> 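Have a look at this one.
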Amino acid sequence: MSERESRAKGGPGTVSSAGAAGTRGTAAALPQEALEIAAGYAFGGPALDLGALLWDGRCLPDAQVRVPLPMLNRHGLVAGATGTGKTKTLQLIAEQLSAQGVPVFLADIKGDLSGVAAPGQANDKVRSRAAEVHQEWAATGFPAEFYALGGIGHGIPVRATVTSFGPVLLSKVLRLNQTQEQSLGLIFHYADTKGLELVDLKDLRAVVAFLTSDEGKGELRNIGGLSTATAGVILRSLTAFEAQGMADFFGEPEFDTSEFLRTASDGRGVVSVLELAAVQDRPQLFSTFLMWLLADLFHDLPEVGDADKPKLVFFFDEAHLLFDDASKAFLDSIAQTVRLIRSKGVGVFFVTQTPKDVPADVLGQLGNRIQHALRAFTPDDQKALKATVKTFPNSAYDLEELLTGLGTGEAVVTVLSERGAPTPVAATRLRAPESLMGPVEAGALERAVTASALYGRYAQAVDRESAYERLQTSRGAKGPDEMREATAAGERRGRRQEREERGERKEQPSVVEQVVGSGMFKSLARSLGSQIGREITRSVFGTARRRR
């Protein structure tokens, strides 16, 4: 093997004290190949420091790997196998963004990112890493707010109304098929036009039950009606969803996502940490809820074009869950949102295990890449490894070997330069976060939550008059027991009709499919100038613009 081939293997190794000292001269002392890579990261403007270059088994601290601050709204991907350091990479980037005055949103799946608010603890490992990469490490805590979906967990409750969540995202949460999703869209349309506010799940159940009752089944006749069987499926899905404790996520006061855009009194960006550990067993819920947060931000933020720094950087952890079992229309909507939200000043980083977890249309829009180690224990692992290597630009490294040899806290990096061009691929030993690498003590977290200025605004749920109460009044002030019986009756009718329909006309499109595919419906959806048109087309995800 030639000397160049040996260097091209690029495998990172443990750096001895003598080896580290030998690299602490001037940048001119670097090998030619390393100099060429380092030159690609020599930015003149503000940038985040990721770490030091790894080359030929050595850490070269004079060759710093960085990412330009203005390019953080060009989106990114943080990938790697479990235990390779993805969470600490998020923490490192979040800290530096905050220090530069940029607000950050972190989805905390494992419950260990709350430490960003507390100073880190120096130890031999941290000091060694700081010395290796020439980092002036100082224990620092950053301004943070802590949130929890519906108040399940430690944090200020984040809720959405059913109306603003919309039929498309709700269909994904409820695992409805295309026909059922289209029917749910008609139900939302009816509620919109009749002024029936869908605040929580009982409002939606009440409207569905009404539209399948003798009194209400003619309401949708002119636009196709609502199949009793489909209504039954929707009602059963809602009932099962509520039985899992998910009703708390929908209601008021609805969270204003502009709270994520705040800076602290000292000018640092606020780090918003959404705790999701308490709902880990409901992955489709939290991934879809994160998409609602992005869609809501997209609605409200004005166009800013290319700014000096992002308005917000949003980290979307366990991103593969959003794409699992998603329809093509849903994936197209995600791609469109990611593409357009950049011009609103929002950067989105998807965090997952391999790039193949992210659809090509979305992956192609992620300009910044931090790839931690991958495993190649099985044929599927090896296939994923080869696919990952193909997603990188041409490199002096043997990436297939390098990606299986990276240690914890090491990654392969390529970002967009200040000119918007990809930088050379750089194996990097990453810096250590300066905040606490782990969760803060439960009591301290609880005190931080209750002391927040937002706690009084969102902590207490409110149940005002909405669709449920209005329908109850119009139908003779039926009590809760009667309303539940009406819902159950709707479900029973749905099951009967479902059994009947299974045996006949299997190949024919449903009434809803015929209506949605009709010229009349398409014309109606195109009527953006009318209030009805605005409500039906709401946004790429069917989410409604809220009155602030």
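All of these numbers come straight from a predicted model, not from anything done at the bench.
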> Output side-chain donor-acceptor pairs under 3.5 Å for residues 310-324, partner residues at least two apart or in another chain, one line each.
none

> According to the salt bridge (charged side-chain N to carboxylate O under 4.0 Å, His left out) rule, which pairs have a member within residues 451-463, sequence neighbours left out?
Lys202-Asp463, Glu259-Arg457
> Report the residues that fulfil side-chain hydrogen bond (donor to acceptor under 3.5 Å, both in side chains) with Lys390, sequence neighbours left out, ordered by chain and then residue number.
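Per chain and number, Lys390 pairs via side-chain hydrogen bond (donor to acceptor under 3.5 Å, both in side chains) with no residue.
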> Test salt bridge (charged side-chain N to carboxylate O under 4.0 Å, His left out) on Asp380 and Arg375 and set out the steps.
CA-CA 10 Å; Asp380 286 343; Arg375 309 298 180 222; over 6 Å; no
> Check ring pair (Phe, Tyr, Trp, His ring centres under 6.0 Å) between Phe330 and all other residues, then give those that pass, not counting sequence neighbours.
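By the ring pair (Phe, Tyr, Trp, His ring centres under 6.0 Å) rule, Phe330 matches Phe541.
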> For Ser98, enumerate each residue passing the side-chain hydrogen bond (donor to acceptor under 3.5 Å, both in side chains) test, keeping only those at least two apart in sequence or located in another chain.
none
> Could Asp200 and Arg205 be called an ion pair, given the rule that one side-chain N must be under 4.0 Å from one carboxylate O?
no
> Which residue pairs pass the salt bridge (charged side-chain N to carboxylate O under 4.0 Å, His left out) test when at least one of the two sits in residues 345-361, sequence neighbours left out?
none
> Suppose we screen for ring pair (Phe, Tyr, Trp, His ring centres under 6.0 Å). Which residues come up paired with Phe260, at least two apart in sequence or across chains?
Phe105, Tyr147, Phe255
> With Lys383, which residues qualify under side-chain hydrogen bond (donor to acceptor under 3.5 Å, both in side chains), at least two apart?
none
> With sequence neighbours excluded, tell me which residues meet salt bridge (Lys or Arg N to Asp or Glu O under 4.0 Å) with Glu95.
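Glu95: no salt bridge (Lys or Arg N to Asp or Glu O under 4.0 Å) contacts found.
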> Tell me, please, which residues at least two apart from Lys386 pass salt bridge (Lys or Arg N to Asp or Glu O under 4.0 Å).
Glu400
> Just to verify, what does Gln91 make a side-chain hydrogen bond (donor to acceptor under 3.5 Å, both in side chains) with, not counting sequence neighbours?
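Listed in chain order: Ser435.
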> When Ser466 is tested against each of Leu196, Thr163, Leu471, Val199 for side chain to side chain contact (heavy atoms under 4.5 Å, CB included), which residue passes?
Val199
> Using ring pair (Phe, Tyr, Trp, His ring centres under 6.0 Å) as the criterion, list what pairs up with Phe142, not counting sequence neighbours.
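For Phe142 there are no ring pair (Phe, Tyr, Trp, His ring centres under 6.0 Å) partners, ignoring immediate neighbours.
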